[in-house]
*Asks:* 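This is the structure I have questions about; it appears just below.
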Amino acid sequence: MMNFLVKQPSTFRGFVLLVMIPIIIFWYCLFLGDYPPPNQDDIFFVGAALNLVTDGEFKNPYILSPFTGENFYLYTPFHSFILAAWLNLVGISKSSVTLFQCLCGAITSIAIAILLRRYSFPVITAFLSTLIIAIFCKTMGLRPEFLGLAFMFTGFSLLATNIPIAYFLGFFLLASAIFTQPVTLAYAFVIGAGIGFYNFHQYRPSRKDFFLMIAISIFGSFILVFLIFLWCINFNISSFISQFQFNVNAVAAPGIQNKLYSFLSVMLGYYGCILYLPSWILLLFVSAYLISNLNSYQLTERILLLSILVGIFLNIFLHGRRDVLLLFLWLFITVIMTTFFSKNRPKLRRSMKVFFISLWLISLFLSQSLEIISSMSRGKITQSSYEKIQTFVTSHPNFQYIVDASAARYVFNYRLPKNSISWIYHIPAPEHLRGKVIYVGSPYFIQYMGLDAFNSPTLKQIAESYPRVSFLGRRFNSLPQMPFEVSIIELKL
């Protein structure tokens with residue numbers, strides 16, 4: 001059994017049967033389990049795609065922002081257009097939307113498995129990497145990271161084939177990843193350059209021909225992707241820049257010093273010392289092992305691992321998104337851990353293997369401890385409660401509704417009423433929303449949807465008194481007992 005988990009199948013057919021099919025089954029099981037769960041950014045990221053399918057306009061009428069009514073340029077457009085094409089094909093429903101995310105997850109896992117096979121990493125690395133992706137992408141909801149990762153790792157696997165035609169396709173997918181989720185730039189650039197360096201090292205014909213081939217592939221693919229991007233934004237660059245910059249300023253800390261401060265605040269503040277600090281300590285341990293035993297790794301392994309490590313630190317200064325950062329941190333740690341069992345590695349004492357494996361398990365458990373506690377204490381919600389709210393909304397079609405991600409999925413099945421919005425930015429309500437408004441969503445999450453805009457003591461009391469998870473006598477204010485519960489609350493604006 002251990003030999004199977006360490007040694008790659010000798011044939012591609014064996015690889016398909018023993019690696020790819022189990023990965024596909026794994027992601028299908030996650031899909032059946034309603035993976036990924038709702039995230040409060042969901043309507044922001046899928047609203048434009050839903051509107052493209054229903055009304056044919058690239059607008060997101062479900063969010064309230066200074067650009068409401070204009071084309072949706074608050075984020076890069078690739079994810080919205082590709083998701084819209086998918087929904088045109090299979091229809092709008094919660095199953096079709098979550099299946100899209102799971103398909104992207106499966107493609108990412110398979111691309112990683114192919115890349116690892118190409119560089120002779122143990123088979124268990126592919127399985128554990130798939131598990132890490134599922135764990136750390138769970139909190140991303142319907143964000144475009146799923147599609148961006150699928151583009152990026154498929155691009156890497158194509159570049160690793162060292163076939164001339166694959167270079168253009170590989171760089172095309174890397175560029176598509178950047179225009180889908182800009183934070184992938186940290187990894188696409190560094191890892192892509194690392195793979196290119198190895199291919200250059202292995203290229204037997206003229207080095208001049210190699211550079212020419214790479215230059216044409218990079219230039220041609222990026223020009224093509226940029227032209228597609230311009231078509232998506234209707235060649236309105238100035239409008240895109242103004243909206244995108246507004247969104248960046250609203251959600252990201254400006255300047256390198258502020259980004260570093262924001263990163264340290266998340267890592268060390270609140271529960272960060274329990275959730276995240278052990279992961280970074282483990283990263284230091286495995287990085288020290290890698291550097292001290294660098295000569296025992298093949299050139300391909302060295303390039304791939306060091307590229308990921310550089311990308312992690314570049315990610316901090318580029319944006320510092322916690323979920324993407326932790327995903328790559330744990331991919332890096334896991335890949336190195338699995339190489340401990342390779343025959344060409346310096347033999348570790350049994351006690352050291354036990355130490356590293358124990359630290360891996362403990363750190364992973366701590367990183368997911370709040371989620372585990374929440375799952376253990378989470379109350380059950382019946383479908384009938386959602387159906388009652390559906391009946392209310394259907395019988396009151398002229399009311400104005402503010403909805404959250406849970407309501408969008410479980411009540412409306414992503415077929416949102418035209419007179420509904422998601423309160424993304426905490427800005428004053430426009431005149432057309434004055435008067436009675438119905439909030440459909442979790443009472444707990446209303447504080448993230450612009451509580452200050454309503455200036456209501458009653459509303460504040462509802463949000464603060466909502467039942468939280470209790471564990472071993474401790475009350476966790478950040479964990480609602482029923483995060484996907486949907487209630488109807490009347491608001492006055």
*Asks:* Assess the pair F72 and F44: is the distance between their ring centroids shorter than 6.0 Å?
*Replies:*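 Close enough - the centres of the two rings lie under 6.0 Å apart.
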*Asks:* Considering only heavy atoms from C-beta outward, does the side chain of L131 approach that of F127 to under 4.5 Å?
*Replies:*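 They are not in side-chain contact.
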*Asks:* Minimum heavy-atom separation for S363 to P278, with atom names?
*Replies:*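 The pair with the smallest heavy-atom distance is OG-O, 3.6 Å.
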*Asks:* Give a yes or no on whether the backbone of I43 and the side-chain of N60 come within a donor-acceptor separation of less than 3.5 Å.
*Replies:*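 Yes.
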*Asks:* Looking at R475, I want to see if its CZ is surrounded by more than 12 non-hydrogen atoms of other residues, nucleotides or ligands under 6.0 Å.
*Replies:*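 Counting neighbours around CZ of R475, more than 12 heavy atoms of other residues, nucleotides or ligands fall under 6.0 Å, so yes.
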*Asks:* For W27 and S109, which heavy atoms make the closest approach, and how far apart are they?
*Replies:*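 Nearest heavy atoms, W27 then S109: NE1-OG, 2.9 Å.
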*Asks:* Passes side chain to side chain contact (heavy atoms under 4.5 Å, CB included), F153 versus L173? Steps please.
*Replies:* CA-CA 9 Å; F153 279 105; L173 289 175; over 6 Å; no
*Asks:* Rounded to the nearest 0.5 Å, what's the gap from CE on M337 to CG on L361? Could you check?
*Replies:*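 Result: 7.5 Å between the selected atoms.
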*Asks:* Any chance CZ of F26 has more than 12 other-residue heavy atoms, nucleotides or ligands included, within less than 6.0 Å?
*Replies:*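 More than 12 within 6.0 Å, yes.
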*Asks:* Can you name the nearest heavy-atom pair linking P483 to S406, along with the distance?
*Replies:*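 Nearest pair, atom of P483 first, then S406: O-OG, 3.7 Å.
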*Asks:* So, Q181 and Y75: side-chain donor and acceptor under 3.5 Å apart, yes or no?
*Replies:*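 Side-chain D/A pair, Q181 to Y75: present.
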*Asks:* Say whether, by atom type as modelled, one donor and one acceptor occur between the side chain of R302 and the main chain of Y297 under 3.5 angstrom.
*Replies:*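 Yes, the answer is positive, given that a donor and an acceptor are paired below the 3.5 Å cut-off.
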*Asks:* Could you go through residues 224-231 and list every donor-acceptor pair under 3.5 Å that involves a side-chain atom there, pairing it with any protein atom two or more places apart or in another chain?
*Replies:*
none

*Asks:* Under a 3.5 Å distance rule, please check whether E371 uses its side chain to pair with a backbone N or O of Q368 as donor and acceptor.
*Replies:*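 Checked: no pair found.
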*Asks:* Is the number of heavy atoms from other residues, nucleotides or ligands within 6.0 Å of CZ (F168) greater than 12?
*Replies:*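 Yes.
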*Asks:* Dump the intermediate steps for side chain to side chain contact (heavy atoms under 4.5 Å, CB included) on F328 and F136, then the final yes or no.
*Replies:* CA-CA 9 Å; F328 277 90; F136 287 96; over 6 Å; no
*Asks:* To the nearest 0.5 Å, what is the distance between OG1 (T161) and CD1 (I195)?
*Replies:*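 Here the rounded value is 10.0 Å.
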*Asks:* Go through it in stages, so that I can follow the logic: the residues are L304 and L115, the test is side chain to side chain contact (heavy atoms under 4.5 Å, CB included), and I'd like the CA-CA distance, side-chain angles, deciding distance and then a yes or no.
*Replies:* CA-CA 10 Å; L304 184 61; L115 184 65; 4.2 Å; yes
*Asks:* Provide the closest heavy-atom pair for A188 versus F156 in the form atom of the first, atom of the second, distance.
*Replies:*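 Heavy-atom minimum between the residues: CA-CZ, 3.8 Å.
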*Asks:* If we only count heavy atoms from C-beta on, is the I178 to T76 side-chain gap below 4.5 Å?
*Replies:*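 The answer is no; the side chains never approach within 4.5 Å.
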*Asks:* Is there a side-chain contact between L326 and S367 in this structure, where contact means two heavy atoms from C-beta onward sitting under 4.5 Å apart?
*Replies:*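 Sidechains of S367 and L326: no contact.
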*Asks:* Does any part of the side chain of I214, heavy atoms only, come nearer than 4.5 Å to the side chain of F171, both counted from C-beta?
*Replies:*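 Side chain of F171 against side chain of I214, heavy atoms only: contact under 4.5 Å found.
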*Asks:* Give, for atom CD1 of I333 and atom CG of L290, the distance between the pair rounded to the nearest 0.5 Å.
*Replies:*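 Between I333 CD1 and L290 CG, I get 12.0 Å after rounding to 0.5 Å.
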*Asks:* Is the backbone of L147 close enough, under 3.5 Å, to the side chain of T180 for a donor and an acceptor to pair up by distance?
*Replies:*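 Not at all, since once roles are kept as given, no pair shorter than 3.5 Å links the two residues.
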*Asks:* Please lay out, stage by stage, how M152 and I191 fare under the test side chain to side chain contact (heavy atoms under 4.5 Å, CB included).
*Replies:* CA-CA 10 Å; M152 185 173 68; I191 300 176; 5.8 Å; no
*Asks:* T334 side chain to L331 main-chain N or O, any donor-acceptor pair under 3.5 Å?
*Replies:*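 No; judged by distance alone, with no hydrogens or angles, the pair does not exist.
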*Asks:* To the nearest 0.5 Å, tell me how far L325 CG sits from L314 CG.
*Replies:*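 Here the rounded value is 11.0 Å.
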*Asks:* Counting C-beta onward and ignoring hydrogens, is there a side-chain heavy-atom pair between F31 and F100 closer than 4.5 Å?
*Replies:*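 A side-chain contact is absent here, since even the closest heavy-atom pair is not under 4.5 Å.
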*Asks:* Tell me if a side-chain donor or acceptor on N247 pairs with a main-chain N or O of F244 at a distance below 3.5 Å.
*Replies:*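 No, N247 side chain to F244 backbone: no donor-acceptor pair under 3.5 Å.
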*Asks:* Indicate the atoms forming the closest heavy-atom contact of S369 with I274, along with that distance.
*Replies:*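 In terms of heavy atoms, the two residues are closest at OG-CG2, 4.3 Å.
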*Asks:* Would you name the heavy atoms of L116 and S129 that are closest together and state the gap between them?
*Replies:*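 Of all heavy-atom pairs spanning L116 and S129, the closest is CD1-OG, 4.2 Å.
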*Asks:* Mind checking the OH-NZ spacing from Y35 to K138? Nearest 0.5 Å is all I need.
*Replies:*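 Interatomic distance, Y35 OH to K138 NZ, rounded to 0.5 Å: 8.0 Å.
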*Asks:* Heavy-atom distance under 4.5 Å between the side chains of V286 and F332, does that happen here?
*Replies:*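 V286 reaches F332 side chain to side chain.
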*Asks:* Can you tell me how far CG of L366 sits from CD1 of I372, rounded to the nearest 0.5 angstrom?
*Replies:*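 Rounded to the nearest 0.5 Å, the CD1-CG separation comes out at 9.0 Å.
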*Asks:* Are side-chain heavy atoms of D323 and L327 found at a separation under 4.5 Å?
*Replies:*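 Sidechains of L327 and D323: no contact.
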*Asks:* The test is ring pair (Phe, Tyr, Trp, His ring centres under 6.0 Å); show your working for F151 and F78 and say whether it passes.
*Replies:* CA-CA 11 Å; F151 278 148; F78 279 20; 7.5 Å; no
*Asks:* Is the closest side-chain heavy-atom distance between M140 and V324 below 4.5 Å?
*Replies:*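 Yes. Closest side-chain heavy atoms under 4.5 Å.
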